[in-house]
Amino acid sequence: MAAPAVLLIGGLLHARKQWEECASFATLKEFKGKTREEFLQELESGTYDDVVALYRSNESTSLTGPFNAEMVRKLPKSLKYICHNGAGYDNIDITECSLRGIDVSSTPVAVNNATADLTLFLLLGALRRIHHPYTAVRASQWRGTGFQLGHDPQNKLLGILGMGGIGREVAVRARAFGMKVQYYNRRRLSPELEQGATYVSFEELLRTSDVVSLNLALTNETAGIIGRKEFEMMKQGVIIVNTARGKLIDEAALVDALDSGKVYSAGLDVYEAEPKIHEGLLNNPNVMLLPHIGTGTVETQRNMEILVLDNLKSAVTKGILLTQVPEQLPKVRL
Ligand SMILES: O=CC(=O)O
């Protein structure tokens, strides 16, 4: 019997050797095109009709577009596994995959440290309103005009929205900076995982936190979770940090809240319509902006690629994904 085929979509920066080693159990195929049209043509031509598992990533969405319902319906009948590189997988229609009998894995855990590090970087930068002096010194203006003192993290109350792996690592780091930590999550965590963080309602978190950090997944339920109503409930001078997904926040509402002074400053790595950024954020010196680089370290990118390939190998050789997305785990399987 011919070996099953596996498909790589988008490049590999660190684990090319491990990908090539997959030839010991599967025929290797690669999509080398640059557009959704080219990918759809390959699907239609039957090139991938023997593919049982594929590797894709958040980055490769720029080549194929999202794996929305339309795309998932066109995937080969042979396909049983999508091994996705990314902690977030909002560009894959999981419901449609489940209906088609396709299991999907993502890369939790591997992303936690780098994303939490960057969250603290933005949190500290926002507390100091660092953008102004940071850009002034580069423009040979030393501190620039109107330099203002920032704020310390010590004794500030950090509210973490979404206490998964990343949220918990943010808590560890925030505590090291003397912050008190409270969180809201769909479910309360066990005391071992809480590590002293206080579980509060969504509303209490909004009303009482000095800093609100978004560390939750983007789903139909969480899209726009922070909008005008939520900003109104927050403390005057609150700080917002988002390293999760831009669509969790109504960006126009954030701009207005910054302009009115309700929000003192924000540290953002993600945006509603990436790579486009709202003018009101781009032009606001109280906002620290980064271009979605939360997992952008050599070590983390390598670990993510290897985890995807470990999933792919386990799926093809044992029929088991190692880090299947929670929506598809037995309790909630559609
Ligand atoms: O945004 C990064 C990821 O989802 O891994």
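As the structure lists them, so they are numbered: ligands from 1, and atoms in each ligand from 1.
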Would you find more than 12 non-hydrogen atoms of other residues, nucleotides or ligands less than 6.0 Å from K156 atom NZ?
yes
Closest to atom 2 (C) of ligand 1 (heavy atoms only, candidates M304, H84, H292, Q301) is H292
Less than 4.0 angstrom from a charged side-chain N to a carboxylate O is my criterion; do R16 and E305 meet it?
no
Any ion pair linking R36 and E70 (charged N to carboxylate O, less than 4.0 Å)?
yes
Would you call R228-E232 a salt bridge at under 4.0 Å N-O?
no
Provide, to 0.1 Å, the distance between atom 5 (O) of ligand 1 and the closest protein heavy atom, together with that atom's residue and name.
A87 N, 2.7 Å
Could an N or O of ligand 1 be found under 3.5 Å from any N or O of G88, whether backbone or side chain?
yes
Ligand 1 to N58 polar contact by distance, N or O atoms, under 3.5 Å:
yes
Any atoms of ligand 1 less than 4.0 Å from a non-hydrogen atom of R245? List them with their elements.
1 (O), 2 (C), 3 (C), 4 (O)
Going by an N to O cut-off under 4.0 Å, is there a salt bridge joining K34 and E38?
no
